[in-house]
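Below is one structure; the comments refer to it alone.
Just so you know, these numbers use all the heavy atoms, side chains as well, and skip hydrogens, waters and symmetry mates.
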Amino acid sequence: MTTHRPRGVHGQTVEVLASRILSSELAEGETLDLPALRAELDVSLTALREALKVLTAKGMIDARQKRGTFVQPRSSWNMLDTDVMRWQTATTAAADLFDELTEVRAVVEPAAARMAAGRANPIEVETLAAALERMAAAGADTEEMVAADLEFHRALLSATHNNFLVQIERVIAIGLAARDRLVHGADPADDPVPSHRAVYEAIRDGDPAAAEAAMRALVDKSSADLNRVKRPIT
(Lines give C-alpha, C1' and ligand atoms only; values in the text may rest on other atoms or scores of the structure.)
Protein backbone atom coordinates (compact mmCIF):
# COMPACT_ATOMS: atom_id res chain seq x y z
CA MET A 1 0.00 0.00 0.00
CA THR A 2 1.35 3.43 -0.91
CA THR A 3 1.79 5.73 2.11
CA HIS A 4 2.43 9.42 2.42
CA ARG A 5 5.69 10.30 4.10
CA PRO A 6 5.88 13.88 5.36
CA ARG A 7 9.14 15.68 4.83
CA GLY A 8 11.07 17.32 7.64
CA VAL A 9 10.11 18.37 11.16
CA HIS A 10 7.53 20.84 9.88
CA GLY A 11 5.69 18.22 7.80
CA GLN A 12 5.81 15.66 10.59
CA THR A 13 4.40 18.20 13.06
CA VAL A 14 1.49 18.96 10.72
CA GLU A 15 0.73 15.24 10.42
CA VAL A 16 0.83 14.64 14.18
CA LEU A 17 -1.45 17.56 14.99
CA ALA A 18 -3.87 16.69 12.18
CA SER A 19 -4.04 13.09 13.40
CA ARG A 20 -4.88 14.25 16.91
CA ILE A 21 -7.60 16.55 15.65
CA LEU A 22 -9.18 13.88 13.46
CA SER A 23 -9.10 11.34 16.31
CA SER A 24 -10.66 13.97 18.64
CA GLU A 25 -7.66 13.70 20.95
CA LEU A 26 -7.72 17.44 20.32
CA ALA A 27 -11.47 18.04 20.43
CA GLU A 28 -13.58 20.67 18.71
CA GLY A 29 -13.25 23.98 20.51
CA GLU A 30 -10.26 22.84 22.56
CA THR A 31 -7.54 25.44 23.08
CA LEU A 32 -4.06 24.18 22.25
CA ASP A 33 -1.39 24.43 24.93
CA LEU A 34 1.39 25.56 22.61
CA PRO A 35 4.28 25.49 25.11
CA ALA A 36 3.30 21.96 26.16
CA LEU A 37 2.99 20.83 22.52
CA ARG A 38 6.36 22.33 21.66
CA ALA A 39 8.00 20.49 24.57
CA GLU A 40 6.21 17.20 23.88
CA LEU A 41 6.96 17.18 20.17
CA ASP A 42 10.46 18.55 20.72
CA VAL A 43 10.19 21.08 17.91
CA SER A 44 11.25 24.68 17.56
CA LEU A 45 8.76 27.49 17.98
CA THR A 46 9.23 28.27 14.28
CA ALA A 47 8.38 24.71 13.22
CA LEU A 48 5.30 24.66 15.45
CA ARG A 49 4.09 28.02 14.18
CA GLU A 50 4.54 26.94 10.56
CA ALA A 51 2.59 23.75 11.22
CA LEU A 52 -0.21 25.76 12.81
CA LYS A 53 -0.30 28.06 9.78
CA VAL A 54 -0.84 25.04 7.53
CA LEU A 55 -3.72 23.75 9.66
CA THR A 56 -5.21 27.23 9.87
CA ALA A 57 -5.21 27.49 6.08
CA LYS A 58 -7.07 24.17 5.96
CA GLY A 59 -9.71 25.48 8.38
CA MET A 60 -8.84 22.97 11.10
CA ILE A 61 -7.68 25.48 13.70
CA ASP A 62 -8.00 29.20 14.32
CA ALA A 63 -6.54 31.76 16.69
CA ARG A 64 -8.24 34.62 18.52
CA GLN A 65 -7.08 37.21 21.00
CA LYS A 66 -7.83 36.24 24.62
CA ARG A 67 -8.74 32.71 23.51
CA GLY A 68 -5.56 31.48 21.87
CA THR A 69 -5.27 28.78 19.22
CA PHE A 70 -8.19 26.35 19.15
CA VAL A 71 -9.63 23.47 17.12
CA GLN A 72 -12.31 24.44 14.62
CA PRO A 73 -15.52 22.41 14.15
CA ARG A 74 -15.45 19.99 11.24
CA SER A 75 -17.93 22.18 9.36
CA SER A 76 -15.19 24.80 9.03
CA TRP A 77 -12.61 22.45 7.52
CA ASN A 78 -11.67 22.75 3.88
CA MET A 79 -13.06 19.36 2.86
CA LEU A 80 -11.79 19.77 -0.72
CA ASP A 81 -8.20 20.11 0.48
CA THR A 82 -6.24 17.05 -0.63
CA ASP A 83 -4.45 16.65 2.72
CA VAL A 84 -7.72 16.90 4.69
CA MET A 85 -9.22 14.26 2.40
CA ARG A 86 -6.16 12.00 2.78
CA TRP A 87 -6.12 12.32 6.56
CA GLN A 88 -9.78 11.39 6.80
CA THR A 89 -9.36 8.21 4.75
CA ALA A 90 -6.96 6.94 7.43
CA THR A 91 -9.44 7.35 10.33
CA THR A 92 -12.39 5.41 11.66
CA ALA A 93 -14.58 8.08 10.01
CA ALA A 94 -13.52 6.78 6.60
CA ALA A 95 -16.76 4.82 6.16
CA ASP A 96 -18.82 8.01 6.30
CA LEU A 97 -16.36 9.74 3.99
CA PHE A 98 -16.68 6.94 1.42
CA ASP A 99 -20.47 7.22 1.54
CA GLU A 100 -20.25 10.95 0.90
CA LEU A 101 -17.75 10.35 -1.90
CA THR A 102 -20.19 7.92 -3.53
CA GLU A 103 -22.90 10.57 -3.39
CA VAL A 104 -20.59 13.11 -5.05
CA ARG A 105 -19.62 10.61 -7.73
CA ALA A 106 -23.30 9.84 -8.40
CA VAL A 107 -23.89 13.54 -9.05
CA VAL A 108 -20.72 14.27 -11.04
CA GLU A 109 -19.59 11.23 -12.98
CA PRO A 110 -22.71 10.24 -14.96
CA ALA A 111 -22.99 13.83 -16.24
CA ALA A 112 -19.24 13.86 -16.93
CA ALA A 113 -19.53 10.65 -18.94
CA ARG A 114 -22.33 12.20 -21.01
CA MET A 115 -20.11 15.22 -21.72
CA ALA A 116 -17.11 13.04 -22.55
CA ALA A 117 -19.16 11.04 -25.07
CA GLY A 118 -19.84 14.25 -26.96
CA ARG A 119 -16.43 15.87 -26.57
CA ALA A 120 -13.67 13.26 -26.35
CA ASN A 121 -11.09 13.39 -29.11
CA PRO A 122 -9.38 10.28 -30.54
CA ILE A 123 -6.36 10.61 -28.27
CA GLU A 124 -8.58 10.80 -25.17
CA VAL A 125 -10.52 7.74 -26.31
CA GLU A 126 -7.19 5.91 -26.72
CA THR A 127 -6.17 6.98 -23.22
CA LEU A 128 -9.37 5.50 -21.82
CA ALA A 129 -8.73 2.28 -23.74
CA ALA A 130 -5.18 2.06 -22.39
CA ALA A 131 -6.42 2.52 -18.82
CA LEU A 132 -9.01 -0.20 -19.38
CA GLU A 133 -6.34 -2.57 -20.72
CA ARG A 134 -4.15 -1.81 -17.71
CA MET A 135 -7.09 -2.59 -15.43
CA ALA A 136 -7.71 -5.90 -17.16
CA ALA A 137 -4.04 -6.85 -16.82
CA ALA A 138 -3.84 -5.93 -13.12
CA GLY A 139 -5.40 -9.15 -11.90
CA ALA A 140 -5.07 -9.51 -8.12
CA ASP A 141 -2.45 -6.72 -7.90
CA THR A 142 -4.42 -4.23 -5.79
CA GLU A 143 -2.06 -1.28 -6.24
CA GLU A 144 -1.96 -1.75 -10.01
CA MET A 145 -5.76 -2.01 -10.08
CA VAL A 146 -6.03 1.22 -8.07
CA ALA A 147 -3.62 3.01 -10.40
CA ALA A 148 -5.50 1.82 -13.49
CA ASP A 149 -8.86 2.85 -12.03
CA LEU A 150 -7.59 6.33 -11.18
CA GLU A 151 -6.10 6.63 -14.68
CA PHE A 152 -9.47 5.74 -16.21
CA HIS A 153 -11.48 8.24 -14.16
CA ARG A 154 -8.86 10.95 -14.65
CA ALA A 155 -8.98 10.42 -18.41
CA LEU A 156 -12.78 10.49 -18.41
CA LEU A 157 -13.02 13.81 -16.57
CA SER A 158 -10.27 15.25 -18.73
CA ALA A 159 -12.29 14.28 -21.80
CA THR A 160 -15.12 16.57 -20.65
CA HIS A 161 -12.87 19.54 -21.51
CA ASN A 162 -14.25 21.23 -18.39
CA ASN A 163 -11.53 22.64 -16.14
CA PHE A 164 -13.71 22.56 -13.03
CA LEU A 165 -14.33 18.84 -13.46
CA VAL A 166 -10.61 18.24 -13.93
CA GLN A 167 -10.00 19.96 -10.59
CA ILE A 168 -12.71 17.89 -8.90
CA GLU A 169 -10.94 14.73 -10.05
CA ARG A 170 -7.92 15.60 -7.92
CA VAL A 171 -10.07 15.52 -4.81
CA ILE A 172 -12.14 12.48 -5.76
CA ALA A 173 -8.99 10.54 -6.61
CA ILE A 174 -7.75 10.45 -3.01
CA GLY A 175 -10.95 9.01 -1.61
CA LEU A 176 -11.39 6.76 -4.63
CA ALA A 177 -7.92 5.27 -4.19
CA ALA A 178 -8.59 4.50 -0.52
CA ARG A 179 -11.98 3.04 -1.39
CA ASP A 180 -10.46 0.88 -4.14
CA ARG A 181 -7.79 -0.48 -1.79
CA LEU A 182 -10.47 -1.43 0.71
CA VAL A 183 -12.80 -3.10 -1.82
CA HIS A 184 -10.19 -4.85 -3.98
CA GLY A 185 -8.15 -5.85 -0.95
CA ALA A 186 -11.20 -7.54 0.57
CA ASP A 187 -12.30 -9.16 -2.69
CA PRO A 188 -9.45 -9.47 -5.22
CA ALA A 189 -11.66 -11.65 -7.41
CA ASP A 190 -14.10 -8.83 -8.09
CA ASP A 191 -13.77 -7.71 -11.71
CA PRO A 192 -14.34 -4.00 -12.31
CA VAL A 193 -13.50 -4.25 -16.01
CA PRO A 194 -17.00 -4.96 -17.46
CA SER A 195 -18.59 -1.90 -15.82
CA HIS A 196 -15.72 0.34 -16.96
CA ARG A 197 -15.75 -1.18 -20.45
CA ALA A 198 -19.42 -0.24 -20.86
CA VAL A 199 -18.55 3.39 -20.09
CA TYR A 200 -15.58 3.32 -22.45
CA GLU A 201 -17.55 1.82 -25.33
CA ALA A 202 -20.33 4.40 -25.03
CA ILE A 203 -17.79 7.24 -25.07
CA ARG A 204 -15.93 5.65 -27.97
CA ASP A 205 -19.19 5.37 -29.88
CA GLY A 206 -20.15 8.96 -29.11
CA ASP A 207 -23.37 7.94 -27.33
CA PRO A 208 -24.01 10.42 -24.48
CA ALA A 209 -27.15 8.70 -23.13
CA ALA A 210 -25.49 5.30 -23.02
CA ALA A 211 -22.36 6.76 -21.43
CA GLU A 212 -24.41 8.41 -18.68
CA ALA A 213 -26.38 5.21 -18.01
CA ALA A 214 -23.23 3.08 -17.96
CA MET A 215 -21.50 5.41 -15.52
CA ARG A 216 -24.54 5.48 -13.28
CA ALA A 217 -24.49 1.68 -13.23
CA LEU A 218 -20.76 1.75 -12.45
CA VAL A 219 -21.26 4.09 -9.48
CA ASP A 220 -24.16 1.92 -8.25
CA LYS A 221 -21.88 -1.13 -8.40
CA SER A 222 -19.18 0.80 -6.55
CA SER A 223 -21.65 1.64 -3.80
CA ALA A 224 -22.82 -1.97 -3.53
CA ASP A 225 -19.22 -3.22 -3.39
CA LEU A 226 -18.41 -0.75 -0.63
CA ASN A 227 -21.46 -1.72 1.42
CA ARG A 228 -20.41 -5.37 1.14
CA VAL A 229 -17.03 -4.78 2.78
CA LYS A 230 -17.82 -1.76 4.97
CA ARG A 231 -18.32 -3.64 8.22
CA PRO A 232 -14.58 -4.10 8.97
CA ILE A 233 -14.02 -0.32 9.01
CA THR A 234 -17.07 0.73 11.05
Side-chain angles (χ1 to χ4, degrees), residues 1-108 142 146 168 170-186 222-223 225-234:
M1 176 176 172
T2 302
T3 57
H4 176 85
R5 301 183 185 279
R7 294 183 179 180
V9 173
H10 162 255
Q12 292 170 9
T13 304
V14 170
E15 297 281 325
V16 169
L17 294 177
S19 175
R20 292 184 182 184
I21 291 171
L22 267 81
S23 67
S24 296
E25 182 179 341
L26 292 172
E28 277 188 21
E30 182 173 345
T31 299
L32 278 58
D33 185 338
L34 301 186
L37 278 173
R38 181 186 172 194
E40 178 194 352
L41 301 176
D42 192 23
V43 297
S44 68
L45 182 58
T46 298
L48 181 58
R49 283 176 173 169
E50 289 301 313
L52 295 175
K53 285 181 182 178
V54 171
L55 296 175
T56 298
K58 298 178 187 300
M60 298 180 74
I61 64 171
D62 198 3
R64 302 279 175 84
Q65 286 186 349
K66 299 183 180 180
R67 181 175 178 182
T69 302
F70 59 94
V71 179
Q72 290 268 66
R74 191 174 294 262
S75 59
S76 297
W77 298 2
N78 180 1
M79 304 302 285
L80 297 182
D81 181 273
T82 54
D83 284 331
V84 175
M85 174 72 76
R86 175 173 59 81
W87 291 328
Q88 289 186 95
T89 63
T91 72
T92 54
D96 291 338
L97 179 70
F98 293 149
D99 286 340
E100 291 181 356
L101 173 66
T102 298
E103 290 175 350
V104 171
R105 292 182 62 199
V107 171
V108 172
T142 297
V146 170
I168 287 174
R170 296 178 185 178
V171 178
I172 289 177
I174 297 169
L176 183 59
R179 174 262 170 212
D180 281 355
R181 290 188 182 100
L182 175 67
V183 171
H184 295 303
S222 176
S223 179
D225 291 342
L226 182 60
N227 287 335
R228 191 174 65 252
V229 301
K230 190 188 296 183
R231 184 175 297 276
I233 63 171
T234 58

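The heavy-atom pair separating T69 from A63 by the smallest distance is OG1-CB, 3.8 Å. Nearest heavy-atom pair, M60 versus L22, reported as atom, atom and distance to 0.1 Å: CE-CD1, 3.2 Å. Nearest heavy-atom pair, Q72 versus W77, reported as atom, atom and distance to 0.1 Å: O-NE1, 3.2 Å.
Here the side chains of L182 and R179 are not in contact, with every heavy-atom distance at 4.5 Å or above. Between M85 and M79, the closest side-chain pair of non-hydrogen atoms is not below 4.5 Å. Using a 4.5 Å cut-off on side-chain heavy atoms (C-beta onward), V71 and D62 make no contact.
In terms of the side chain to side chain donor-acceptor pair (under 3.5 Å) criterion, residue partners of R105 (sequence neighbours excluded) are, by chain and number, E109, S222. For P35, the side chain to side chain contact (heavy atoms under 4.5 Å, CB included) partners two or more places apart in sequence, or in a different chain, are D33. For T13, there are no side chain to side chain donor-acceptor pair (under 3.5 Å) partners at least two apart in sequence or on another chain. Applying the salt bridge (charged side-chain N to carboxylate O under 4.0 Å, His left out) test to R67 and every residue at least two apart in sequence or in another chain returns nothing. Listed by chain and number, the residues in a side chain to side chain donor-acceptor pair (under 3.5 Å) with D81 are K58 (sequence neighbours excluded). Listed by chain and number, the residues in a side chain to side chain contact (heavy atoms under 4.5 Å, CB included) with E103 amount to none (sequence neighbours excluded). Taking E25 as the reference, nothing meets the side chain to side chain donor-acceptor pair (under 3.5 Å) condition, with sequence neighbours excluded.
The list of salt bridge (charged side-chain N to carboxylate O under 4.0 Å, His left out) pairs with a residue in residues 38-48, not counting sequence neighbours, reads R20-E40.
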Going through the distances and angles, do I21 and I61 end up as a side chain to side chain contact (heavy atoms under 4.5 Å, CB included)? CA-CA 9 Å; I21 291 171; I61 64 171; 3.8 Å; yes
Check step by step if side chain to side chain contact (heavy atoms under 4.5 Å, CB included) holds for L226 and D99. CA-CA 9 Å; L226 182 60; D99 286 340; 4.1 Å; yes
Using side chain to side chain contact (heavy atoms under 4.5 Å, CB included), reason through R64 and F70 one step at a time and then give a plain yes or no. CA-CA 8 Å; R64 302 279 175 84; F70 59 94; 3.5 Å; yes
Under the side chain to side chain contact (heavy atoms under 4.5 Å, CB included) criterion, do W87 and E15 qualify, and how do the steps go? CA-CA 8 Å; W87 291 328; E15 297 281 325; 3.2 Å; yes
What side-chain donor-acceptor pairs closer than 3.5 Å can you find for residues 47-57, not counting sequence neighbours?
residue : atom : partner : partner atom : Å
E50     : OE2  : K53     : NZ           : 3.4
T56     : OG1  : L52     : O            : 2.8

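Using modelled atom types, one side-chain atom of T102 and one backbone atom of F98 make a donor-acceptor pair closer than 3.5 Å.
The CG atom of L32 lies 7.0 Å from the CG atom of L17; values are rounded to the nearest 0.5 Å.
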